[in-house]
Amino acid sequence: MNDFAAQRERMVREQIMERGIEDTAVLRAMRTVPREQFVLDEYRDYAYEDSPLPIPAHQTISQPYVVAYMLEALDLQATDRVLEIGTGSGYAAALLGHMVAEVHTVERHEQLVQYARERLATLGYANVQVHQGDGSLGWPPAAPYDGIVVAAGGPIVPPSLKQQMKAYGRLVMPVGKRGSQNLVRLVRLSEDDYQHINLGPVKFVPLVGEEGWGKG
Ligand code: SAH
């Protein structure tokens, strides 16, 4: 029998805490969300491995540590409203659902929208809304956001996303080439002024869209 709860606890200690993640809300969410329910059935036994895993539509569910790192960098409060671009499996959206008041997540692949919606509904995440569309343009109906996290890499930070940040809102996103990027963190200081920090090299699937890598 698979003791997923024990594997999850071990993942949090060995992959997340030992690498320096301290945000208690991130750690609590990672201790709670069953990652095994977001991976494909044939990968369930690997759900708590220290790596990304394949999901439908040739996409991936990110490595747990990278997800934790990005969520910590968003510096979230329980009352925040957050936008995620690149729903994928819905795993990161579920973590966000535990951490903040309201989550909007946008996915371009219809197949993944359904995949994520089914899983989030089964687990009862009522504060997470999955939208289908081009997330490089953000999700204007619910803007502005306290936090925006992009789970796919683009050539630049999309101007639409910068416009949808609240004052002092945070954005975390991989920016660079198609095959390798740097994780950047933006804080909106005023209407046109953003603090920009480089958090180091990462590898994400491409952000395909109008303000990403064109139309795939
Ligand atoms: N956060 C996800 C991992 C996402 S992988 C998880 O927890 O499982 C990145 C996702 O971004 C892929 O599903 C891909 O289809 C999606 N994506 C790429 N470009 C996009 C765009 N312009 N708008 C919305 N989603 C996009």
Side-chain angles (χ1 to χ4, degrees), residues 11 16 26 29-30 32-40 43-44 46-49 51-71 73-74 82-100 103-120 123 125 128-143 145 147-161 164 171-176 178-179 181 183 202-216:
M11 170 195 80
I16 311 295
V26 173
M30 294 206 88
T32 312
V33 177
R35 195 169 189 265
E36 73 277 8
Q37 298 203 30
F38 290 89
V39 303
L40 290 165
Y43 292 103
R44 279 195 145 203
Y46 307 100
Y48 293 98
E49 297 284 307
S51 65
L53 290 171
I55 54 173
H58 307 291
Q59 305 300 318
T60 53
I61 176 170
S62 310
Q63 179 193 12
Y65 171 65
V66 172
V67 179
Y69 187 84
M70 290 173 87
L71 295 184
L74 282 177
V82 173
L83 174 66
E84 180 197 30
I85 307 305
T87 315
S89 67
Y91 175 66
L95 293 170
L96 283 165
H98 276 281
M99 296 174 61
V100 300
V103 181
H104 293 269
T105 178
V106 185
E107 171 58 52
R108 63 186 283 266
H109 284 293
E110 164 73 30
Q111 189 186 3
L112 287 170
V113 169
Q114 302 217 359
Y115 183 98
R117 273 191 187 141
E118 275 167 24
R119 282 159 177 79
L120 292 163
L123 293 165
Y125 290 98
V128 180
Q129 290 189 47
V130 184
H131 309 285
Q132 188 180 3
D134 176 5
S136 74
L137 304 175
W139 189 255
Y145 303 96
I148 300 181
V149 59
V150 186
I156 54 162
V157 178
S160 294
L161 295 184
Q164 290 171 37
L171 176 148
V172 176
M173 169 179 175
V175 178
R178 266 178 178 267
Q181 309 89 26
L183 197 62
V202 286
K203 272 193 181 145
F204 278 77
V205 296
L207 179 73
V208 179
E210 219 163 288
E211 294 184 31
W213 291 107
K215 301 211 188 279

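Both counts, for ligands and for their atoms, begin at 1 and track the order of listing.
Residue Ser62 has no N or O atom closer than 3.5 Å to an N or O atom of ligand 1. Checking only distances, Ile85 never comes within under 3.5 Å of ligand 1, N or O to N or O. Some N or O of Ala92 is nearer than 3.5 Å to an N or O of ligand 1, by distance alone. For the pair Gly135 and ligand 1, the shortest N or O to N or O distance falls below 3.5 Å.
Here the side chains of Arg108 and Ser136 are not in contact, with every heavy-atom distance at 4.5 Å or above. Considering only heavy atoms from C-beta on, Ile55 stays 4.5 Å or farther from Tyr91 through its side chain. Put simply, the side chain of Ser89 does not reach to within 4.5 Å of the side chain of Arg119, judged on heavy atoms. Side chains of Val175 and Phe204 form no contact here, defined as non-hydrogen atoms less than 4.5 Å apart. Between Val128 and Leu96, every side-chain heavy-atom pair lies at or beyond the 4.5 Å cut-off. Contact of the Tyr145 side chain with the His104 side chain is registered, since non-hydrogen atoms from C-beta on lie closer than 4.5 Å. Counting heavy atoms from C-beta on, the side chains of Leu53 and Arg35 come closer than 4.5 Å. Between Tyr43 and Ile61 there is no side-chain heavy-atom pair separated by less than 4.5 Å.
Residue contact check for ligand 1: Ala57 places no non-hydrogen atom closer than 4.0 Å to it. Distances shorter than 4.0 angstrom occur between a heavy atom of Glu84 and an atom of ligand 1.
Listed by number with element, the atoms of ligand 1 under 4.0 Å from a non-hydrogen atom of Ser136 are 22 (N). Each of the atoms 13 (O) of ligand 1 lies under 4.0 Å from some heavy atom of Leu112. Residue Ile61 approaches ligand 1 through these ligand atoms, each under 4.0 Å from one of its heavy atoms: 8 (O). Counting the atoms of ligand 1 from 1 in the order shown, those under 4.0 Å from a heavy atom of Gly133 are 23 (N), 24 (C). Taking every non-hydrogen atom of Val106 and a distance limit under 4.0 Å, the qualifying atoms of ligand 1 come out as 24 (C), 25 (N).
Scanning the protein for heavy atoms near atom 5 (S) of ligand 1, the closest one is Thr60 O, 3.1 Å. Protein heavy atom closest to atom 8 (O) of ligand 1, with residue, atom name and distance, is Ser89 OG, 2.6 Å. The protein heavy atom nearest to atom 9 (C) of ligand 1 is Ala151 O, 3.3 Å. When hydrogens are left out, the protein atom nearest atom 13 (O) of ligand 1 is Glu107 OE1, 2.8 Å; that is the closest non-hydrogen contact. Protein heavy atom closest to atom 11 (O) of ligand 1, with residue, atom name and distance, is Gly86 CA, 3.2 Å. Protein heavy atom in closest approach to atom 18 (C) of ligand 1: Pro206 O, 3.5 Å.
Between atom 26 (C) of ligand 1 and the options Arg108, Met70, Gln132, Gln59, the minimum heavy-atom separation is to Arg108. Distances from atom 21 (C) of ligand 1 to the heavy atoms of Thr87, Val208, Val66 put Val208 nearest.
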- Message: Run Gln114 and Glu110 through side-chain hydrogen bond (donor to acceptor under 3.5 Å, both in side chains) and show every step you take.
- Response: CA-CA 6 Å; Gln114 302 217 359; Glu110 164 73 30; 2.6 Å; yes

- Could you walk me through whether His131 and Glu107 pass side chain to side chain contact (heavy atoms under 4.5 Å, CB included), step by step? CA-CA 6 Å; His131 309 285; Glu107 171 58 52; over 6 Å; no

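With a 4.0 Å heavy-atom cut-off, ligand 1 is reached by the backbone of Leu207 and by its side chain too.
Using bins of under 30°, 30° to 60° and over 60° for the plane-to-plane angle, the ring pair His98/Tyr125 lands in the perpendicular bin.
The distance from the OG1 atom of Thr87 to the OH atom of Tyr115 is 13.0 Å, given to the nearest 0.5 Å.
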